[in-house]
Novice: 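Below you will find the structure I want to go over with you.
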Amino acid sequence: MMTLRIDYRNLIRQLLPNHKRQPVRLWWLRGLITPLAGRFAEFEAWRDLTRMLVNVTGQVKVLEGYLRTKYGEPFSIQIVTFDNGMPPVALREEGDTLRLVVGLRGEEQCASLPLRGEIRDHFGDADFVVYIPEGIDAEAVRADIERFKQALVTYRIIQR
C-alpha cells in the first residue's frame, strides 16, 4: 500500500497551465488550499492511529509495540511472560535435532534448571508482567491492556 504525501505548493503549480502561473494567482490559490493541507495532516494522524488499533492483538510483541508507540517510550515499556524455565520435552519421532541436551554451557558454566515453582514466585498469580516507567499513568496502561488481552489471562503492572 502506498502512503500519499501531497505537496500542496507544488500541486497548485502543476495544475495551473503555464500561461496562468503569475505569482499573485499562485499565492492566492495556495492560500485557499492551506486549510486543506492542515486537514489532511490531521487525517493522516487519525489514519495511522486507526491502522495501528486495528492491527493490535494480544500477542506480546504486538501489544508491547503498541504501548511503546502510544506512550512514546521506545525502550522502557516491557512485557515479560511467564516461562517456567524447564527444559522442553522432545518426542522420539522428532529426531536428534530437537533432542534435549543437558550439560555444560561453557567451560565453567553448568546449564541452570530452576527448581519447581521457583520462577512462579516472581510472577505470583499473573501470566505476564508489564514494566512501565515512573511517569506513565498505570490506569491508562491497564485500560489499554484490558482492551486487547485474551480472556482469563492475568497480569501485573510494575512501575519502576
Side-chain angles (χ1 to χ4, degrees), residues 1-16 21 23 25-89 97-98 100 105-106 109-160:
M1 179 186 310
M2 188 173 84
T3 303
L4 296 175
R5 303 275 187 231
I6 299 174
D7 182 10
Y8 288 100
R9 287 182 52 86
N10 196 21
L11 178 68
I12 296 296
R13 192 173 195 309
Q14 289 175 353
L15 291 178
L16 276 178
R21 291 183 187 164
R25 183 173 289 150
L26 284 173
W27 293 336
W28 180 71
L29 290 173
R30 286 176 183 158
L32 291 177
I33 203 92
T34 301
L36 181 62
R39 286 286 189 185
F40 193 74
E42 293 172 10
F43 170 72
E44 276 185 321
W46 173 83
R47 180 181 60 189
D48 293 342
L49 177 67
T50 303
R51 282 184 181 163
M52 185 172 55
L53 285 174
V54 166
N55 292 320
V56 172
T57 62
Q59 294 177 348
V60 174
K61 290 300 175 186
V62 175
L63 184 60
E64 186 177 72
Y66 167 72
L67 292 175
R68 287 177 175 181
T69 303
K70 181 175 180 180
Y71 294 105
E73 298 288 336
F75 300 110
S76 56
I77 295 178
Q78 183 181 15
I79 297 177
V80 179
T81 59
F82 175 73
D83 178 19
N84 63 4
M86 298 308 229
V89 176
T97 57
L98 298 175
L100 175 65
R105 282 191 183 171
Q109 276 186 319
C110 289
S112 62
L113 293 176
L115 299 174
R116 182 176 182 175
E118 184 177 14
I119 297 179
R120 188 46 120 172
D121 294 339
H122 176 68
F123 280 82
D125 293 335
D127 294 319
F128 65 92
V129 177
V130 180
Y131 293 101
I132 59 175
E134 202 58 43
I136 294 179
D137 182 22
E139 291 305 315
V141 173
R142 186 177 311 281
D144 287 331
I145 293 172
E146 286 291 332
R147 181 188 302 176
F148 298 112
K149 79 171 183 70
Q150 295 177 352
L152 302 177
V153 174
T154 58
Y155 63 93
R156 283 181 21 203
I157 296 177
I158 298 175
Q159 279 191 323
R160 46 180 166 150

Novice: Nearest heavy-atom pair of Thr57 and Leu63: which atoms, and what distance?
Specialist: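 So the two residues come closest at O-CB, 3.9 Å.
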Novice: Can you name the residues that form a salt bridge (Lys or Arg N to Asp or Glu O under 4.0 Å) with Glu64, not counting sequence neighbours?
Specialist: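 Glu64: salt bridge (Lys or Arg N to Asp or Glu O under 4.0 Å) contacts with Lys61, Arg68.
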Novice: For Thr81, enumerate each residue passing the side-chain contact (heavy atoms from CB on, under 4.5 Å) test, keeping only those at least two apart in sequence or located in another chain.
Specialist: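 Thr81 satisfies side-chain contact (heavy atoms from CB on, under 4.5 Å) with Val60, Phe128 once adjacent residues are dropped.
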Novice: Are side-chain heavy atoms of Ile79 and Leu67 found at a separation under 4.5 Å?
Specialist: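 Ile79 vs Leu67: side chains touch.
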Novice: May I ask you to check whether over 12 heavy atoms, not counting those of Gln59, lie within 6.0 Å of atom CD?
Specialist: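 Not more than 12 within 6.0 Å, no.
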Novice: Output all residues satisfying side chain to side chain donor-acceptor pair (under 3.5 Å) with Arg21, sequence neighbours left out; order by chain, then residue number.
Specialist: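 Partners of Arg21 by the side chain to side chain donor-acceptor pair (under 3.5 Å) criterion, ordered by chain and then number, come out as Asn18.
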Novice: Could you tell me which residues satisfy side chain to side chain donor-acceptor pair (under 3.5 Å) with Glu73, sequence neighbours excluded, listed by chain and number?
Specialist: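 With neighbours one apart ignored, the set is Ser76.
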Novice: Go through it in stages, so that I can follow the logic: the residues are Ile77 and Ile136, the test is side chain to side chain contact (heavy atoms under 4.5 Å, CB included), and I'd like the CA-CA distance, side-chain angles, deciding distance and then a yes or no.
Specialist: CA-CA 10 Å; Ile77 295 178; Ile136 294 179; 3.8 Å; yes
Novice: Taking only residues two or more places apart in sequence, or in another chain, which ones meet Phe40 in a ring-ring contact (aromatic ring centres under 6.0 Å, His included)?
Specialist: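 If we apply the ring-ring contact (aromatic ring centres under 6.0 Å, His included) test to Phe40, skipping adjacent residues, the hits are Phe43.
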Novice: State, to 0.1 Å, how close Asp127 and Val153 come at their nearest heavy-atom pair, and which atoms those are.
Specialist: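 Minimum heavy-atom contact is OD2-CA, 3.5 Å.
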Novice: For a 4.5 angstrom cut-off between non-hydrogen side-chain atoms, does Leu11 reach Tyr8?
Specialist: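 Result yes, sub-4.5 Å side-chain heavy-atom pair found.
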Novice: Would you give the length of the straight line joining atom CH2 of Trp46 to atom CZ of Arg51, rounded to the nearest 0.5 angstrom?
Specialist: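 Interatomic distance, Trp46 CH2 to Arg51 CZ, rounded to 0.5 Å: 9.5 Å.
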Novice: If a pair satisfies ring-ring contact (aromatic ring centres under 6.0 Å, His included) and one of its residues is in residues 59-79, list it, with sequence neighbours excluded.
Specialist: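 As it turns out, the ring-ring contact (aromatic ring centres under 6.0 Å, His included) pairs with a partner in residues 59-79, which skip direct neighbours, are Tyr66-Phe148.
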Novice: Who passes salt bridge (Lys or Arg N to Asp or Glu O under 4.0 Å) against Arg147, sequence neighbours left out?
Specialist: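 With sequence neighbours excluded, Arg147 shows a salt bridge (Lys or Arg N to Asp or Glu O under 4.0 Å) to no residue whatsoever.
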Novice: Looking at residues at least two apart in the chain, or sitting in another chain, which of them share a salt bridge (Lys or Arg N to Asp or Glu O under 4.0 Å) with Glu42?
Specialist: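 Expected list: Arg39.
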Novice: Please find the pair of heavy atoms, one from Gln159 and one from Pro133, that lie closest to each other, and give the distance.
Specialist: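 Shortest heavy-atom separation between Gln159 and Pro133 comes out as NE2-O, 3.7 Å.
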Novice: Under the rule for side-chain contact (heavy atoms from CB on, under 4.5 Å), what residues qualify as partners of Asn55, not counting sequence neighbours?
Specialist: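 Here no residue qualifies.
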Novice: For Glu139, what residues pass the salt bridge (Lys or Arg N to Asp or Glu O under 4.0 Å) criterion, not counting sequence neighbours?
Specialist: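 Salt bridge (Lys or Arg N to Asp or Glu O under 4.0 Å) list for Glu139, sorted by chain: Arg142.
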Novice: Using side chain to side chain donor-acceptor pair (under 3.5 Å) as the criterion, list what pairs up with Glu146, not counting sequence neighbours.
Specialist: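 Here the qualifying residues are Tyr155.
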Novice: Just jot down the side-chain contact (heavy atoms from CB on, under 4.5 Å) partners of Leu32, sequence neighbours excluded, or say none.
Specialist: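 Residues passing side-chain contact (heavy atoms from CB on, under 4.5 Å) with Leu32: Trp28, Leu29.
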Novice: Quick one: OG1 on Thr69 to CG on Asp48, what's the gap to the nearest 0.5 Å?
Specialist: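 Here the rounded value is 11.0 Å.
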Novice: For Met52 and Val56, which heavy atoms make the closest approach, and how far apart are they?
Specialist: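 It is O-CG2, 2.9 Å.
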